[in-house]
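To keep things clear, I will list the structure first and then write my remarks on it.
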Amino acid sequence: MDEEHSSLDAAMPSLMASPVVAGFPSPAEQYAENPLDLNELLVRKPAATFFVRVAGDSMLGAGLRPGDILVVDRSLEAQEGNIVIACIDNEFTVKYFRHLPDGSVVLEPANRNYPAIQFSDGMELRIFGVVTAVIHQFIKG
């Protein structure tokens, strides 16, 4: 079993021991040593987590681009300012979750080309989960 486990570890990407500096370059002091499991890093509650791909550009200002993969936790309750996956009248969307002073909920895009969604009588809102991470690929394919 140890041989099997060590061959799996060798195939997993590794996390560098030191962070990379986004300012001036620094010498690489330590190279990757530990395998990195993205599920372990990004998924807190596997039974309550799902992944969904972004379509559209209403959340560009939040860094969510078409084709990105969102990590969504259904066990979390939406809080002010969270990015959520919501179902409005049987259509899914991703938006910021906001409360107005009167206690009503507004779903707000991160792109000025789209209006906020304010709820009126007869509209059905279900929050499916809170976005906890985004996977953005620079090179596709």
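Any value given below was found using the heavy atoms of this structure, including those in side chains, with hydrogens, waters and symmetry copies removed.
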* **same_hphob_cluster(Leu41, Val71) at 4.5 Å side-chain heavy-atom cutoff** => yes
* Asked: Do NZ/NE/NH1/NH2 and the carboxylate oxygens of Glu108 and Lys95 come within less than 4.0 Å?
  -> no
* Asked: Going only through I, L, V, M, F, W and Y residues with side-chain contacts under 4.5 Å, is there a path from Leu100 to Val105?
  -> no
* Closest contact, heavy atoms only, Asn90 versus Cys87 -> CA-SG, 3.4 Å
* Asked: With a 4.5 Å limit on heavy-atom distance, are the side chains of Pro46 and Val43 in contact?
  -> yes
* Asked: Which atom pair, heavy atoms only, marks the closest approach of Tyr96 to Gly81?
  -> CD2-O, 3.4 Å
* With a 4.5 Å heavy-atom cut-off, do Phe97 and Gln79 have their side chains touching? -> no
* Asked: If you count the non-hydrogen atoms of other residues, nucleotides and ligands that lie under 6.0 Å from CD in Glu124, is the total more than 12?
  -> yes
* Structure fact -> CG (Leu107) and OG (Ser58) are apart, to the nearest 0.5 Å, by 10.5 Å
* Does one hydrophobic cluster hold both Phe119 and Ile83, with members joined at side-chain heavy-atom distances below 4.5 Å? -> no
* When rounded to the nearest 0.5 angstrom, what is the spacing between CG in Asp68 and CE in Met59? -> 11.5 Å
* If you take all heavy atoms of Asp102 and Ser104, which pair is closest and at what distance? -> OD1-OG, 2.6 Å
* Asked: For the residue pair Gly56 and Pro66, what are the closest heavy atoms and their distance?
  -> O-CG, 3.2 Å
* Hey, does Thr49 have a side-chain heavy atom less than 4.5 Å from the side chain of Asn39? -> no
* For the residue pair Ala116 and Pro109, what are the closest heavy atoms and their distance? -> CA-CD, 3.7 Å
* Asked: Are Arg65 and Val54 close enough, and set up right, to give a side chain to side chain contact (heavy atoms under 4.5 Å, CB included), and what steps lead you there?
  -> CA-CA 7 Å; Arg65 298 177 177 152; Val54 175; over 6 Å; no
* More than 12 non-hydrogen atoms from neighbouring residues, nucleotides or ligands closer than 6.0 Å to CD on Glu80, yes or no? -> yes
* Show your working on side chain to side chain contact (heavy atoms under 4.5 Å, CB included) between Val130 and Val72 and close with a plain yes or no. => CA-CA 5 Å; Val130 175; Val72 181; 5.9 Å; no
* Considering all heavy atoms of both residues, which atom of Ala86 and which atom of Ile127 are nearest to each other, and what is their separation? -> CB-CD1, 4.0 Å
* To do: Check whether any side-chain heavy atom of Leu70 lies under 4.5 Å from a side-chain heavy atom of Leu64, and answer yes or no.
  => yes
* To do: Measure the CD-CE distance between Gln118 and Met123 for me, rounded to the nearest 0.5 Å.
  => 9.5 Å
* **Rounded distance [0.5 Å steps], NZ in Lys45 versus CG in Asp73** => 6.0 Å
* Test item: Ile69 and Val52 side chains (from C-beta on) under 4.5 Å apart, heavy atoms -> no
* Asked: What is the distance from atom CZ of Arg112 to atom CG of Leu60, rounded to the nearest 0.5 Å?
  -> 12.5 Å
* From CD1 (Ile117) to CG (Leu125), nearest 0.5 Å -> 9.0 Å
* From CA spacing to verdict: side chain to side chain contact (heavy atoms under 4.5 Å, CB included), Leu42, Thr132 -> CA-CA 8 Å; Leu42 300 176; Thr132 60; over 6 Å; no
* Under 4.5 Å between any side-chain heavy atoms of Val131 and Val84, yes or no? -> no
